[in-house]
Amino acid sequence: LDSLSDEENFGKQWYQRRVRGVLNYYTNYYYKSNLRMRLIGLTGGIASGKSSVGQVLREHGAVVLCCDTAAKQVVEQGCPGYNKVIAKFGSDILLPSGEIDRSKLGSLVFNNEENRRALNRCIHPEIAKVIRRQIIWHFVKGSSLVFIDIPLLYEGGNINPYLNSVVVVYCTAEQQQQRVIDRNDLTEEEAQARIASQLSIEDKKAKADHVIDNSGLFSDTESQIAALVPLLTEGVLPLRNMLLLFIVMLGALFVYLF
């Protein structure tokens, strides 16, 4: 009986080692081969055309999460970001309706580095929470390609390690300046000051994994996007296959533990 017990124990230990090896293999294969949802940073300079590119990406089936939209959400009345901003800058920045006057707040932070950093400390953690929830939701839904539109991606840098790659929407510095003047009704000096507050478009282009050149006809931009999307999703497992892989791994883990 003791001999039989030893054989059973040996068999169980052998099987556990095999299951552990299978689990390790598939876990490493899953991460190293990038079968999971692709998380892509989307950035560029002021007025380079990120919003237009984002719309075309959506038409190609990609998900585009916008940090600017999240920034507006977190400072709505009743949100934690709203309370933090009021506590820092006072009620003078409020409209009669109780909403934050974005123009007045912008004037306080645009040329004041200390105020800008203070504002970032108030809202950036809240923006991160919103984006994080959205990423998890789209992962559960089985989305294969998710872009995060982050205007100051390179300037911030905190999210870079979590991205599979970064796409920069590019146009020339001269085009940037003219577009900002036309869009925001600014003087040349005001437009240049806004552009200079960010990393230059040429530096962003040099750092990018992929570049979408939006300096020519927009039909050319659309063609570049159409070619890029399949490249970014190459090798991603469909949701059904991912679920099957997960079930197999979960079953093996159950046997291993019990």
Side-chain angles (χ1 to χ4, degrees), residues 41-59 64-77 79 81-82 85-86 88-120 122-124 127 130 147-156 167-205 208 211-222 224-225:
L42 179 66
T43 191
I46 298 173
S48 63
K50 292 188 304 298
S51 297
S52 299
V53 167
Q55 183 56 43
V56 178
L57 286 168
R58 291 185 182 97
E59 293 171 4
V64 181
L65 309 178
C66 182
C67 286
D68 282 345
T69 301
K72 293 176 182 177
Q73 293 173 351
V74 301
V75 293
E76 291 177 351
Q77 291 188 61
C79 294
Y82 174 92
V85 171
I86 301 306
K88 175 61 184 176
F89 295 98
S91 58
D92 290 341
I93 63 169
L94 296 178
L95 295 168
S97 63
E99 297 177 348
I100 292 175
D101 187 332
R102 299 181 188 279
S103 298
K104 190 174 291 187
L105 180 60
S107 66
L108 291 176
V109 302
F110 182 64
N111 288 316
N112 188 311
E113 183 66 16
E114 184 179 344
N115 283 347
R116 187 183 68 81
R117 291 181 184 230
L119 177 63
N120 289 343
C122 290
I123 65 173
H124 279 189
I127 294 172
V130 171
F147 287 84
I148 310 178
D149 182 345
I150 312 173
L152 301 179
L153 186 152
Y154 288 119
E155 291 84 349
V167 175
V168 165
V169 181
Y170 172 82
C171 69
T172 66
E174 293 76 17
Q175 287 175 317
Q176 258 192 294
Q177 181 170 301
Q178 191 57 52
R179 290 175 184 179
V180 172
I181 290 172
D182 295 340
R183 186 184 69 182
N184 299 95
D185 194 25
L186 301 177
T187 66
E188 184 175 323
E189 291 74 19
E190 290 171 332
Q192 191 54 46
R194 293 202 177 189
I195 293 170
S197 68
Q198 298 185 4
L199 189 68
S200 78
I201 190 66
E202 296 298 336
D203 286 340
K204 292 184 179 184
K205 180 182 179 182
V211 176
I212 295 176
D213 190 339
N214 193 34
S215 61
L217 296 175
F218 195 66
S219 57
D220 293 337
T221 300
E222 292 175 318
Q224 294 173 62
I225 296 170

query = Going by heavy atoms in the side chains, are Val74 and Val130 under 4.5 Å from each other?
reply = yes
request  = Give the intermediate values and the outcome of side chain to side chain contact (heavy atoms under 4.5 Å, CB included) for residues Val75 and Ile123.
outcome  = CA-CA 8 Å; Val75 293; Ile123 65 173; 3.7 Å; yes
Intermediate values then yes/no, side chain to side chain contact (heavy atoms under 4.5 Å, CB included), Phe89 and Val109 = CA-CA 10 Å; Phe89 295 98; Val109 302; 4.2 Å; yes
Which atom of Pro151 lies closest to which atom of Thr43, heavy atoms considered = O-OG1, 3.1 Å
ask   = Any salt bridge between Glu76 and Lys72, counting N to O under 4.0 Å?
value = no
query = Which distance, rounded to the nearest 0.5 Å, do you find between the CG of Asp149 and the SG of Cys66?
reply = 4.5 Å
message = On a heavy-atom basis, which atom in Val85 and which in Cys122 lie closest, and how many Å separate them?
response = CG2-CB, 4.0 Å
inquiry  = Looking at every non-hydrogen atom in both residues, tell me the closest pair between Cys67 and Ile150 and how far apart they are.
reply    = SG-CG1, 3.8 Å
task = Could you pull out all residues at least two apart from Lys205 that satisfy side chain to side chain donor-acceptor pair (under 3.5 Å)?
result = none
ask   = Any chance CD of Glu113 has more than 12 other-residue heavy atoms, nucleotides or ligands included, within less than 6.0 Å?
value = yes
key: Worked check of side chain to side chain contact (heavy atoms under 4.5 Å, CB included) between Asp213 and Asp220   = CA-CA 8 Å; Asp213 190 339; Asp220 293 337; over 6 Å; no
ask   = Between atom NZ of Lys88 and atom CG of Leu108, what is the distance when rounded to the nearest 0.5 Å?
value = 11.0 Å
key: Interatomic distance, Gln176 atom CD to Ile46 atom CD1 [nearest 0.5 angstrom]   = 7.0 Å
key: For Glu188 against Ile181, the heavy-atom pair lying closest together   = CA-CD1, 3.9 Å
Verdict with reasoning, Arg194 to Glu190, per salt bridge (Lys or Arg N to Asp or Glu O under 4.0 Å) = CA-CA 6 Å; Arg194 293 202 177 189; Glu190 290 171 332; over 6 Å; no
key: Side chain to side chain, His124 and Arg117, heavy atoms closer than 4.5 Å   = no
Report all side-chain donor-acceptor pairs from residues 90-101 shorter than 3.5 Å, counting only partners two or more places apart or in another chain.
residue : atom : partner : partner atom : Å
Ser97   : OG   : Glu99   : N            : 3.4
Asp101  : OD1  : Ser103  : N            : 3.1
Asp101  : OD1  : Lys104  : N            : 3.2

Spacing of CD belonging to Gln55 relative to CD belonging to Glu222, to within rounding of 0.5 Å = 10.5 Å
request  = Give, for atom CD of Glu174 and atom CD1 of Ile201, the distance between the pair rounded to the nearest 0.5 Å.
outcome  = 12.0 Å
query = Measuring from Leu119:CG to Arg116:CZ, what's the distance to the nearest 0.5 Å?
reply = 9.0 Å
message = Using every non-hydrogen atom in the two residues, find where Ala71 and Ile127 come nearest and quote the distance to one decimal.
response = CB-CD1, 3.6 Å
request  = Return the minimal non-hydrogen interatomic distance between Cys171 and Ser48, and the atom names on each side.
outcome  = SG-CA, 3.7 Å
key: Backbone N/O of Ile212 and side chain of Gln224: donor-acceptor pair under 3.5 Å   = no
